[in-house]
**Student:** 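Take this structure, written in structure tokens, and hold onto it; I'll ask about it next.
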Amino acid sequence: LLFTPVGRGPMALASPRATPLISRHVAWPAQQLLGWFGDTTGGFAQSSSSCTPIRRVSTSLRQPPLHRPQRGGDCIHMKVPLLAQCGAGSCHSLERRAAASGHTTDATTLEVVAERPHFPSEELRILQHWRDIDAFRESLRQSQARGSEPYVFYDGPPFATGLPHYGHILAGTIKDVVTRYAHQSGYHVERRFGWDCHGLPVEYEIDKKLGVQGRDDVLRMGIGVYNEECRAIVTRYTEEWREIVQRFGRWIDFDNDYKTMDLNYMESCWWVFKELYSKGLVYRAFRVMPYSTACGTAISNFEVAQNYREVSDPSIVVRFRVANQENCSLLAWTTTPWTLPSNVALCVNPDLPYLKVMSKADGQQWIVGKARWSWLCALLKKDPEQDFEILQEVRGADLVGIPYSPLFDYFKDKVIDGKAFRVVADPYVSSEAGTGIVHQAPAFGEDDHRVCLAEGIVFRDGSGMLCPVDMNGCFTNEVPDLAGQHVKQADKGIRDRLRDSGHLVFNGTEVHNYPHCWRSDTPLIYRAVPSWFITVEDARERLIANTQETHWVPPFVKECRFHNWLAEARDWCVSRSRYWGTPIPLWVSSDFEEIVCIGSVAELEQHAGRKLTDIHRHFIDDIEIPSKQGKGMLRRVDEVFDCCFESGAM
């Protein structure tokens, strides 16, 4: 019960100069107390000239334990906060009323409420009280005994290879609020803590420990040795996690936790995947993905966004000589010279204007975007009127189909005949950067791949794709002059060759933000990799319709952020070319024409002819399945699941 002097509002109690509150045990007959103040569920109390008007009677059953009424015989005992100096007509009249009724107050129970309470100590006291009475498990036992309807809560698991940070604590607090509310609303809420045990976060720690530089190092030591090293560290910080999560008051079961590396959990991933495969929602394709050459694997766009750094990269303008026109060239700008050996096309915007200009000094003719002509002249320190003559203005669509000679001869005879080394068009080409002409290397650019796929220069199965870069980001023997060099280190040699061959128009540098691997802090590249995808794009409309039926807090997340993400959702790449993870359960022929998808441990045991107690790579990669189409033995694909797929396969 909160009492305030006449003429003062409750804010007076918060004033630094307000008289400290004291608590005093007072006992009244229950009926008399209710007669004075009405129902204790929170109505306005009666008042008289001898007592200060009461602003509001709080709901006593909702007060902290020290202020909760306790019935004893025919009296209610409670600690009543009083003002030490209330003045005439103050709330001390309560004591006079109690005395007049033949009841007394216990003056020996006075407690001074600290002006500056030590909240951490109070929190520790509460936590200890919860432990003493086993509060969390007791709440579960009671809701289960009542036969309460279950409230299903899946907790996205963290990695135990690092300590929790602010983001974990914030998300955990929100989850705790949701589950406590559900329990107090009458549901049975089982809450199991989980651990994400697979994936690059674990592998990267082992790579640092063992000095692993690439795939060859892993194969040399053996995938089994590597995986067991990973297994040994996945629970490194579980006790620290338990201590911190419980310290901030979250109720969740650590004793009955789950781990994504457990056999039954990995098997559940197989079951989910086979269900999707049986519905025709799984396919294999080449797709350009953000790629970490240090980790040797593709990563998600979410991971890309975590680490952009300002770097200085090459900035060059290159001339592509038009076939059968010795003095005419198309000019393209790039900051990735290492992609030029894989060039197969040049792309213009069909709706933008382009200029054909001639140098008055040597008669060389260039084709360049009209909107970028001034920029190029400034770059070359040339006067557009004194040094050049404009011969013609055309639209981008008029340039489509013009053939040109490749810069290098590495792949001249390995492209699809009649399709490569010509001008194509797509609206993605901008008038705000470069020359208005973009060189296309479909193995190393997302838009490049999309455009060349549409033009029939490459195919979804990888046909026509020029990708002379290995999993560690080094050139292969397909480019003998650069073999073994990392692509970023090869930039200088490529520029030197272009200068010597007369193809280099401008050679400079560009300072810009560039994505880096958030684990290794090394520059990312974009690279076409064969991957396994789950179809998502066909389900966009259903996904959006379902989210409209979901209650979101705050609402704008549903209407804006999440809706926009679903509207642009793309097919999900769920495969990773790594080792420590749940193996993708596909056994295939060498031509990928025959595929067997396994959905359970028991199903694989029938093919293996042995008992399986673990299904990590080093326990099952030797298993072969006879082909039913005369294609020899089917072998498991090399990839494992992305750990995000595992986390979602609850």
Side-chain angles (χ1 to χ4, degrees), residues 200 283-308 313 332 334-347 411 414-416 419-420 424 426-430 434 438-476 478-479 486-488 490-491 512-518 522-537 568-578 638-639 642 644:
L200 275 174
Y283 67 91
R284 181 179 185 265
F286 279 79
R287 178 169 287 181
V288 176
M289 306 282 292
Y291 190 88
S292 170
T293 59
C295 296
T297 190
I299 64 175
S300 68
N301 287 319
F302 172 76
E303 292 172 294
V304 172
Q306 295 188 60
N307 190 16
Y308 269 80
D313 273 333
T334 183
T335 59
T336 54
W338 63 269
T339 62
L340 290 171
S342 303
N343 169 268
V344 292
L346 295 173
C347 190
F411 302 106
K414 297 182 180 180
V415 296
I416 297 176
K419 295 291 187 178
V424 297
D426 190 89
Y428 94 88
V429 177
S430 169
V438 181
H439 108 82
Q440 304 292 286
F444 305 114
E446 194 171 5
D447 283 316
D448 307 38
H449 183 265
R450 176 181 56 79
V451 170
C452 291
L453 197 63
E455 293 288 338
I457 299 172
V458 298
F459 292 94
R460 193 161 122 168
D461 64 358
S463 301
M465 191 86 69
L466 306 181
C467 187
V469 176
D470 66 18
M471 297 183 68
N472 298 319
C474 296
F475 276 103
T476 65
E478 294 174 286
V479 183
H486 190 275
V487 293
K488 287 293 185 179
D491 279 341
H512 61 158
N513 287 323
Y514 191 83
H516 285 60
C517 176
W518 67 276
T522 55
L524 297 174
I525 65 173
Y526 281 79
R527 182 179 183 271
V529 291
S531 303
W532 293 93
F533 294 86
I534 293 174
T535 301
V536 175
E537 295 170 17
E568 299 297 326
R570 302 180 59 182
D571 290 353
W572 187 6
C573 175
V574 296
S575 61
R576 294 291 183 267
S577 299
R578 298 300 297 181
D638 189 61
E639 295 90 347
D642 174 15
C644 293

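Just so it is clear, the structure is predicted and the values come from calculations on it, not from any experiment. Values below: every heavy atom of this structure, side chains too, minus hydrogens, waters and symmetry copies.
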**Student:** Only pairs under 3.5 Å count here: list side-chain donor-acceptor contacts from residues 529-537, not counting sequence neighbours, and write none if there are none.
**Tutor:**
residue: Ser531; atom: OG; partner: Val529; partner atom: O; Å: 3.3
residue: Thr535; atom: OG1; partner: Leu281; partner atom: O; Å: 3.4
residue: Glu537; atom: OE2; partner: Asp571; partner atom: N; Å: 3.3

**Student:** Nearest heavy-atom pair of Thr334 and Thr339: which atoms, and what distance?
**Tutor:**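 Residues Thr334 and Thr339, closest heavy atoms: OG1-OG1, 4.5 Å.
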**Student:** Who passes salt bridge (Lys or Arg N to Asp or Glu O under 4.0 Å) against Glu639, sequence neighbours left out?
**Tutor:**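 Here no residue qualifies.
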**Student:** Over all heavy atoms of both residues, which pair between Ala345 and Asn343 is shortest? Give the atoms and the distance, please.
**Tutor:**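 Ala345 and Asn343 have their closest heavy atoms at O-ND2, 2.9 Å.
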**Student:** Run the side-chain contact (heavy atoms from CB on, under 4.5 Å) check on Val469 and Cys474 step by step: do they pass?
**Tutor:** CA-CA 5 Å; Val469 176; Cys474 296; over 6 Å; no
**Student:** Between atom CZ of Arg284 and atom OG of Ser575, what is the distance when rounded to the nearest 0.5 Å?
**Tutor:**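 One finds 9.0 Å between CZ of Arg284 and OG of Ser575.
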**Student:** Using side-chain contact (heavy atoms from CB on, under 4.5 Å) as the criterion, list what pairs up with Tyr428, not counting sequence neighbours.
**Tutor:**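 Here the qualifying residues are Cys347, Asp426, Val438, Gln440, Asp447, Asp448, Arg450, Val451.
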**Student:** In Å and rounded to the nearest 0.5 Å, what is the OG1 to CG distance from Thr336 to Asp313?
**Tutor:**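 The OG1 atom of Thr336 sits 8.5 Å away from the CG atom of Asp313.
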**Student:** My understanding is that only residues two or more places apart in sequence, or in another chain, count here; which of them pass side-chain contact (heavy atoms from CB on, under 4.5 Å) with Asp638?
**Tutor:**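 Listed in chain order: Arg215, Arg617.
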**Student:** Can you list everything that forms a side-chain contact (heavy atoms from CB on, under 4.5 Å) with Pro468? Sequence neighbours excluded, please.
**Tutor:**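 Partners of Pro468 by the side-chain contact (heavy atoms from CB on, under 4.5 Å) criterion, ordered by chain and then number, come out as Ser342, Phe411, Phe444, Phe475, Thr476, Glu478, Val479.
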**Student:** Suppose we screen for side-chain contact (heavy atoms from CB on, under 4.5 Å). Which residues come up paired with Asp642, at least two apart in sequence or across chains?
**Tutor:**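 Asp642 satisfies side-chain contact (heavy atoms from CB on, under 4.5 Å) with Trp572, Arg576, Cys644 only.
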**Student:** Identify the heavy atoms of Phe459 and Leu453 that sit nearest to each other, and give their distance.
**Tutor:**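 Between these two residues, the closest heavy atoms are C-CD1, 3.5 Å.
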**Student:** Looking at every heavy atom in both Cys517 and Asn307, which two are closest together, and how far apart are they?
**Tutor:**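 So the minimum-distance heavy-atom pair works out to O-ND2, 3.3 Å.
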**Student:** Evaluate the criterion salt bridge (Lys or Arg N to Asp or Glu O under 4.0 Å) for residue pair Glu446 and Arg570; output intermediate values, then yes/no.
**Tutor:** CA-CA 13 Å; Glu446 194 171 5; Arg570 302 180 59 182; 2.3 Å; yes
**Student:** Side chains of Lys488 and Thr293: closer than 4.5 Å at any heavy-atom pair?
**Tutor:**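 Answer no - side chains too far apart.
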**Student:** Taking all non-hydrogen atoms of both residues into account, name the closest pair between Leu466 and Ala443 and its distance.
**Tutor:**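 Looks like O-CB, 3.2 Å.
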**Student:** Does some side-chain heavy atom of Val424 sit less than 4.5 Å from a side-chain heavy atom of Leu346?
**Tutor:**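 A side-chain contact is absent here, since even the closest heavy-atom pair is not under 4.5 Å.
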**Student:** Rounded at 0.5 Å granularity, tell me how far CD1 in Ile525 sits from OH in Tyr291.
**Tutor:**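 Answer for the CD1-OH pair, Ile525 versus Tyr291, is 7.0 Å.
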**Student:** Could you tell me whether the side chain of Arg287 reaches within less than 4.5 Å of the side chain of Cys573, counting heavy atoms only?
**Tutor:**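 In short, these two side chains do not touch, never coming nearer than 4.5 Å.
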**Student:** Over 60° means perpendicular and under 30° means parallel, so classify the ring planes of His512 and Tyr514, tilted if in between.
**Tutor:**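 Ring orientation, 0 to 90° scale: tilted.
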**Student:** Which heavy atom of Arg527 sits nearest a heavy atom of Met471, and at what distance?
**Tutor:**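 Reported closest heavy-atom pair: NH2-N, 4.1 Å.
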**Student:** Among side-chain atoms of Thr522 and His516, is any donor-acceptor pair under 3.5 angstrom?
**Tutor:**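 The answer is no; no qualifying pair exists.
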